[in-house]
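Report on the structure given below.
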Amino acid sequence: MAAAVAVAFRDDLTESRGRNEDKRRLMHITEIMRGRSPTFSFEFFPPKTPQAAETLYQTIRDLESYMPDFVSVTYGAGGSTRELTHDLVERIQHTTKLDPIPHLTCVCHNEEEIETILRRYAKSAIGNILALGGDRPAGMAYDKSRDSFQHAIDLVKFVRCFNESGAHPHRRGFGIGVAGFPEGHPATPNRLVEMDYFKAKVDAGADYIVTQLFFDNRDFLDFRERCALAGVHVPIIAGIMPITSFGGLKRMAELAGGARFPAKLLRALQPCQNDPEMVRRAGIQYALEQCHDLMANNVAGIHFYTLNRSDATRTIFDSLGIPRHRNLQASSV
């Protein structure tokens, strides 16, 4: 099924490349963020079946009219969806008005593979990436010691070297993003040591930060303040995932490597847990309140984890009254 989806991506790209070739704008993340404050963006993941692909295509069509500042595309555990990710990124770049930012991970990759991917993205005028540690692949033997990149900082350094080689068409190379963890990184319970590691990762060449999802804004604001105290001054984009089903709570926690659910959120959801529509409304309302509070606290950007569906995100956008416009002028390269 996944192979069929990949072929469909490439066929659609071939048909549409000509009429959209003039849309090959090239904007570094610093230029994108300079034009809007806060920025608003969405995350998609590559579909594995034709049915899932249709759902995603509809989501992209629904959300394109909102003109987000960028959209990100995830990478499966161990790079399991790497080709689907590459194809989806190029399809978005060449057939829509959206700016795609692909995820790139350390797991199951060597330097030659990463360089090939970077050259492919540079050729397609992709301006930015998100460099991540990545999830361990499930259901297969995995020896982390064989990876060329042991941690995200190693991947950031490699992309930085690629940028310095002049192989990217933008004079600054790829804009490099890294993940932030407002509730703490699950692998580093010592929060002081964690911040040392995090600062080193940013100092290695990161231009911006996108956080894991969180449900208590105090965690985000505390994380932002601790970053400032540590000398981390790149923009921090808040990751928000609206809850649309009660059963999704546990799945969300697993996706984030563990997430805290404030009593206020549980108090809103538990009375209506047997009514899916009421749960959806309560979850969206909670996320909307999070966004209002983040904007009141001068957040640099809000990144919506859409789960490839548009209804919750569109409801929040409409309620926030965000104007549907954006500066699409490409920078000089």
Side-chain angles (χ1 to χ4, degrees), residues 28-43 68-70 72 101 103 128 130-133 151-153 155-156 160 175-243 252-253 255-266 268 286-305 316 320 322:
H28 193 274
I29 189 67
T30 54
E31 296 157 349
I32 292 173
M33 301 199 72
R34 189 183 306 131
R36 284 275 298 278
S37 182
T39 59
F40 294 94
S41 51
F42 310 133
E43 178 179 284
D69 294 277
F70 64 87
S72 71
I101 296 183
H103 293 201
N128 308 282
L130 192 59
L132 308 170
H151 303 284
I153 186 175
L155 186 55
V156 171
R160 180 71 175 271
I176 305 172
V178 296
F181 300 84
E183 298 178 357
H185 194 290
T188 313
N190 185 321
R191 301 301 294 276
L192 296 177
V193 172
E194 178 206 19
M195 185 52 67
D196 290 339
Y197 290 159
F198 185 71
K199 176 175 168 52
K201 179 171 67 173
V202 174
D203 289 348
D207 298 292
Y208 68 108
I209 299 161
V210 180
T211 77
Q212 283 279 18
L213 64 90
F214 58 90
F215 296 103
D216 191 331
N217 284 4
R218 291 176 297 182
D219 288 323
F220 173 83
L221 296 174
D222 178 74
F223 171 71
R224 188 174 67 175
E225 186 173 359
R226 286 185 294 110
C227 283
L229 290 171
V232 174
H233 299 300
V234 299
I236 304 175
I237 298 171
I240 296 294
M241 181 181 285
I243 294 172
M252 288 182 186
L255 286 172
R260 286 197 293 272
F261 300 106
K264 178 182 177 181
L265 173 60
L266 296 176
Y286 188 89
L288 176 61
E289 292 175 4
Q290 278 191 277
C291 292
H292 275 301
D293 181 64
L294 289 168
M295 293 169 68
N297 281 281
N298 299 314
V299 68
I302 297 177
H303 189 61
F304 292 97
Y305 296 107
I316 292 171
L320 288 173
I322 300 168

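Smallest separation of non-hydrogen atoms from E183 and F215: OE2-N, 4.4 Å. Looking at every heavy atom in both residues, S41 comes nearest to H303 through OG-ND1, 2.6 Å. Taking all atoms of both residues into account, the shortest heavy-atom contact from A238 to L294 is CB-CD1, 3.9 Å. For the residue pair T39 and I32, the shortest heavy atom distance occurs at CG2-O, 4.4 Å. Considering every non-hydrogen atom in both A204 and R160, the closest pair reads O-NH1, 3.5 Å. Here the closest heavy-atom approach between residue N297 and residue D293 is recorded as ND2-O, 2.9 Å.
Using a 4.0 Å cut-off between charged side-chain N and carboxylate O, R191 and E194 make a salt bridge. A salt bridge does not link D216 to R260: none of the charged nitrogens lies less than 4.0 Å from a carboxylate oxygen.
Side chains of I237 and M33 form a contact here, defined as non-hydrogen atoms less than 4.5 Å apart. In this structure the side chain of F40 never reaches within 4.5 angstrom of the side chain of I316, judged on heavy atoms. Using a 4.5 Å cut-off on side-chain heavy atoms (C-beta onward), L265 and I243 make contact.
Checked against the 6.0 Å centroid criterion, the rings of F181 and Y197 do not qualify as a close aromatic pair.
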